[in-house]
Each structure stands twice: as C-alpha cells, then as structure tokens.
Amino acid sequence: MTPDARGPRPDDAEELREAEAWLLRQASLLPPVPASEDVRRKREILSAIHQRGARRSSLAALIAWLREPREVRLSPLGVGGLALAVATIGLVLGFTWSRRVEVGANFEVRESPIGGARESVRFTLEAPNARQVVLVGDFNDWDPTATPLSRSGREAWIVDLPLEPGLYHYSFVVDGRLRSGSGGPLESSDGLGGRNSVVIVQGVAL
Amino acid sequence: MQPAGFSPVMTDEEAIRQVQRGNDDAFSTLVDRYHGSCRRFALRMLDDPTDADEVVQDTFLRAFRALGRYDHRDRFAAWLMRILINRCRTAARRARKHNAPLVPLEAASRVEDQATTPGRSTEGAEIEAAITELRPEQRELFLLRFVERLSYEEIATVTGVGVSALKMRVLRTRDELRRKLRGEVRE
C-alpha cells in the first residue's frame, strides 16, 4: 500500500510536528538562489512600471484614497460649522422631499376605445413617501375608497380611469389627507379655501 | 534630528500607502524587499530562469496595478505570493501546452557560493533536485511553508486549499521527498 493510499493522519499532531521539522531542515539545506543580477532585474521591473503605462487609473487612486482610514482633527468652531452645514443640507433636502409629495400630479389621455364614448385617462402622482394614494373627484362622487392608485416604480402612483368626455374636478388623498393643489395643469377653488385640479376629456362643448 | 547611523526603514504598510497616494517610487522598497523571495519561488516552481524572471516581473506589475484594491488587513508578502502563484501556474500550464521540457535547474546555476560549505552544498543540490521532481502542488506547499515560511492560514488563502488538507499534504510531501532522496522510485 502506498503512503498516499494509506493516508496520513492529520489529527496526529506529533507526526505533523516531526514532518514539519524534517522538511524545515531540508529547506534550510537548500543552496541559495544566486542574486548576482537582481539589481538589473529590479531596475527592469521599475522601468516597466513607468514605461508600460502601468500607472493606476485616477479612479483607482481615488478609491484607494477614500478607503484609507485617516485621522480628522477639528476645532470646536469647526465642529459647530460642520453641524450647521449638515443641518442646512438636511433642511433643504427635507423641504425638497416634502414638496415632492405634493407636486407632480398629472394626467394624460391614453387611448380611445374603438367605437366607445369613453377615454382612458391616466392619473399620476409623484409621492415617493406615501403609503396610500386615492383619487377622488366628480367621477366617483369624491368617494375616498373607490379609486386607489397603484405604485409605479419608486416614486409614482398611477391609475387608469375610463371617462366620458367632459370636465371633472379631482384631487388626491395621500395617506388619508386630501391634497390641495395637486399640480395638475388646471385648477379651481374647492370653495373651502383649497384648490382642486381639473381635467377636461375631449369631445365636450364648453 | 535623527541619531547618527540611524536609517529609517519604511514598513510595507507605509510603502503601500505612499504608492496609493501616488508616490510610485515607494514601490521600489517593496520590489527590493520581495524580489529575491519571488524569484527564488518562481525559479523552483518553473525550472526555467527566463520564465521565472518574466513571471516575477509580471507579478510586480500586476501588484502595482492592484494596490488600489489591497486590503491592509492582509500581509503584503502573502498577498503578493497569491499573485505570484497564479502567474506561476499559468506559466506552467503554458509550458506544458507547448510541450516545453521541464528541465531541472542546473545545480551550478543555483549554488554559486557553495565553495565555503562543500558538504552542505552536495546535500543541498540533492534536495534541490528532489524538489524539482515533486508534484507541483507538493513543491508549491514545500516552498510556501518551509522556504517562504507562510502560515497554514496564509497558504490556505493563497492556494485555495483548506488547512486540514494542507497538513495532510505536508505528511505526503515528507514521504515523497524522503523517497526521492533515497533514490526510490515511487510505485
């Protein structure tokens, strides 16, 4: 039976230590590799690095710079300034974000079924933070349960509604709250201090 | 001011950081420090000085390009060795593909300075010859563990072989090398 077939015993620490000691002794007896031309070879390597365009890309250098941990020293005044800057950025972003919930409502006429009198109208609202959006208007008697919108992508909510030609007032209910002035191209007063949007489906004589 | 005779030695870590900051000259510190061990390993793995020099040069070029991705938690010597092993394996495959004969290194080319230790040199030359006859994975392990002195964990990382399997391979390598040195032909 060959040693390979017999198989060594990896859990036999004593045998492993003996084997390591023996192999280490053999390695120590090896003649040194001549280094007489090492200087020339090293020079060639460094020359190749410079000549063959081996330089790292600026992106790689930037990544290396970003990954490198470093100590940052700030004065108390600097910390205050930094905090103020962060707070300002947060305020601006928060304001922008909150506005995004309320603006961007729109509609578009999608298609006209052949031989039908109704148009399919798509209502869209950009409300990335919303959990629920409902469409209310003349067409559903302002029923906040009748026409929910579905998420489309990360920001938009949509619903397609078949409407006969005519003029309709509408608005969106976002997370249970009626939005005033939802950003449609036409708006009208709701008589209560707020504003509704208006959609006109073609074919009606105003 | 530094004391007379004091020569600051740049650590691997410092040299790498300087290269990463754009100081390419700092790379020469790493080439100086590791060229010898890389060439020694490549020579014994490939048995061809020209191939070995080519592989070592390619290894340092690749290491230079990849330094941006170098993880400072790794030991540079082991990280460099991983590149070198891959280049050696590729070169060995290419050599086999082209039917290049694997001629053991001329003993004289490796033992230039053996005149002062004649007894040791003869024994060393025999070991050198026996190593070239080991199977590549055994030769690789012998060189990494007992010549370059990498830990089992580092060898496991650079070769992709588990620590337990490496320890088993150490025992087999010992058996095989003993047999070679006794002039026995493996059945």
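Residue numbering restarts at 1 for every chain, and letters A, B, ... go by the order of the sequence lines.
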Worksheet item: Any Lys/Arg nitrogen of A:Glu15 or B:Arg174 sitting under 4.0 Å from an Asp/Glu carboxylate oxygen of the other?
Response: yes
Worksheet item: To the nearest 0.5 Å, what is the distance between CG (A:Leu24) and CZ (B:Phe146)?
Response: 7.0 Å
Fill in: From B:Gln57 atom CD to A:Leu46 atom CG, the distance as rounded to the nearest 0.5 Å
9.5 Å
Worksheet item: So what's closer than 4.5 Å to chain A heavy atoms on B:Asp58: side chain, backbone, both or neither?
Response: neither
Discussion item. side-chain contact (heavy atoms from CB on, under 4.5 Å), that's the test. Do B:Leu61 and A:Ile45 meet it? Break it down for me.
Written reply: CA-CA 7 Å; B:Leu61 285 172; A:Ile45 290 170; 5.5 Å; no
Worksheet item: For the candidates B:Asp53, B:Asp25, B:Val56, which exhibits the highest count of non-hydrogen atom pairs separated by less than 4.5 Å from chain A?
Response: B:Asp53
Worksheet item: What distance separates B:Tyr152 OH from A:Glu20 CD, expressed to the nearest 0.5 Å?
Response: 3.5 Å
Worksheet item: Using non-hydrogen atoms only, which part of B:Arg62 is less than 4.5 Å away from chain A: side chain, backbone, both, or neither?
Response: neither
Discussion item. Measuring from atom CD of A:Gln26 to atom CG of B:Leu181, what distance do you get when rounded to the nearest 0.5 angstrom?
Written reply: 6.0 Å
Worksheet item: From B:Leu143 CG over to A:Leu30 CG, what is the distance, rounded to the nearest 0.5 angstrom?
Response: 8.0 Å
Fill in: Residue pair A:Pro31 / B:Ala125: nearest heavy atoms and the distance that separates them
CD-N, 4.3 Å
Worksheet entry | B:Leu171 CG to A:Glu18 CD distance, which is reported to the nearest 0.5 Å | 9.0 Å
